[in-house]
Amino acid sequence: MALDLSEIRQQITQIDRSLLKLLSERHRLAFDVVRSKEITQKPLRDEKREQQLLQELINFSENENYQLEPQYITQIFQKIIEDSVLTQQVYLQKKLNEQREQSIHIAFLGKRGSYSHLAARSYATRYQEQLIELSCSSFEQIFEKVSSGEADYGVLPLENTTSGSINEVYDLLQHTDLSLVGELTYPIKHCVLVNGQDDLSKIDTLYSHPQVIQQCSQFIRSLNKVHIEFCESSSHAMQLVSSLNKPNIAALGNEDGGHLYGLTVLRSNIANQENNITRFIVIARKAITVSPQIHTKTLLLMTTGQEAGSLVDALTVFKKYQIKMTKLESRPIYGKPWEEMFYLEIESNTNHPDTQAALEELRQYSTYLKVLGCYPSEIVKPVDVR
């Protein structure tokens with residue numbers, strides 16, 4: 001005799017609560033791990049150990065006939081590993097930089113519910129329990145709030161896997177004395193958000209930020225005669241659609257933000273690319289010290305001479321010191337037609353002797369060199385298994 005659905009759901013609830021208890025216990029063990037690594041000075045990540053762990057779990061599942069797909073096991077435990085790494089990372093950074101504030105002010109683009117807001121909240125809640133949110137109408141305003149001390153941190157999008165680099169942010173970094181102190185990624189999952197209607201064919205006007213419109217261009221083209229209204233942010237679009245409360249309009253934004261404004265999802269996963277991810281940077285007034293045990297990045301701003309091969313000569317310095325360069329972005333120098341400056345991102349800590357030697361040598365090949373920030377990366381790339 002089949003169980004009643006309510007009884008099945010009760011069993012699922014009990015199992016889910018048991019899983020939460022076990023996940024909490026595993027999370028607490030991350031603090032024991034990092035205290036041990038403080039003594040031994042081992043790097044926080046041991047990718048060989050991670051590969052071994054995942055493979056052992058897959059093998060164990062097969063031997064016990066649990067009927068769980070290897071990909072399913074891998075996805076779940078990669079998330080658990082990521083939480084452990086970031087928990088250890090925050091522990092070391094808070095001790096190293098003597099962070100004792102009970103609350104922080106953090107500035108972001110748009111209103112509550114924007115992707116920048118969600119990314120800011122994701123970053124800040126790892127470091128503080130109390131978060132005071134400061135919404136901004138422009139990237140420039142974020143810089144101003146941090147510079148004035150009104151905000152402790154500012155979170156800004158730097159690049160997106162669909163629309164590429166956000167040049168306005170790069171250009172603002174050129175003229176600031178603020179420092180980069182962190183980075184993180186946030187998945188972008190665009191939805192059609194409405195006031196309760198369920199007929200997509202009745203929608204004739206879409207509201208959203210220009211970048212969101214660009215990232216969903218293929219879906220928009222599939223609609224008939226839809227008018228586009230650009231907004232300063234996707235959160236502003238959601239707020240506007242909520243307040244207008246008309247059956248013919250919709251906002252393009254994220255599901256979590258839509259819930260804040262009482263909107264429902266009419267269509268999900270509408271972006272051109274399935275893996276649509278934005279990388280955010282975090283700025284502050286003062287630079288931080290990064291533990292040598294942590295995966296660290298440094299962003300440089302550099303100009304070179306106009307002679308042939310000048311940039312190539314500069315970049316060979318990183319090869320000499322075996323420093324990995326993960327980003328090279330060029331931007332025009334205002335007032336100097338046809339001349340460019342370069343943003344270089346390297347996986348290296350400025351406190352390491354090899355990095356210091358490389359930077360000193362790099363100055364010989366550059367006409368201008370500035371360290372914009374040395375910061376821990378919260379991007380935990382999963383290891384390959386099988």
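Computed over heavy atoms, backbone and side chain alike; hydrogens, waters and symmetry mates excluded.
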Donor-acceptor contact present, side-chain [X] to main-chain [Y], <3.5 Å:
{"X": "Glu340", "Y": "Arg331", "result": "no"}
{"X": "Gln88", "Y": "Ser84", "result": "yes"}
{"X": "Gln214", "Y": "Pro210", "result": "no"}
{"X": "Ser234", "Y": "His209", "result": "no"}
{"X": "Ser242", "Y": "Met238", "result": "no"}
{"X": "Arg285", "Y": "Val146", "result": "yes"}
{"X": "Ser116", "Y": "Gly110", "result": "no"}
{"X": "Ser148", "Y": "Glu144", "result": "yes"}

Ring centre gap for Phe280 and Tyr123 strictly below 6.0 Å: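 So the answer is no for these two rings.
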
Give every donor-acceptor pair under 3.5 Å between a side-chain atom in residues 74-82 and any protein atom, sequence neighbours left out.
residue	atom	partner	partner atom	Å
Thr74	OG1	Pro70	O	2.8
Gln78	NE2	Val383	O	3.1

I'd like to know if [X] and [Y] make a salt bridge, using a cut-off of under 4.0 Å between side-chain N and carboxylate O.
{"X": "Asp204", "Y": "Lys225", "result": "no"}
{"X": "Lys145", "Y": "Glu150", "result": "yes"}
{"X": "Glu50", "Y": "Lys48", "result": "no"}
{"X": "Glu361", "Y": "Lys320", "result": "yes"}

More than 12 non-hydrogen atoms from neighbouring residues, nucleotides or ligands closer than 6.0 Å to [atom1] on [X], yes or no?
{"X": "Glu25", "atom1": "CD", "answer": "yes"}
{"X": "Glu140", "atom1": "CD", "answer": "no"}
{"X": "Arg35", "atom1": "CZ", "answer": "yes"}

Pairs touching residues 180-199 that satisfy salt bridge (charged side-chain N to carboxylate O under 4.0 Å, His left out), sequence neighbours left out: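 Those involving residues 180-199 are Glu183-Arg279, Glu183-Lys297.
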
Parallel, tilted or perpendicular, as decided by the 30° and 60° cut-offs, for the rings of Tyr115 and His190: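 His190 and Tyr115: perpendicular rings.
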
Between Asp83 and His27, a side-chain donor and acceptor under 3.5 Å: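 His27 and Asp83 do have a side-chain donor-acceptor pair below 3.5 Å.
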
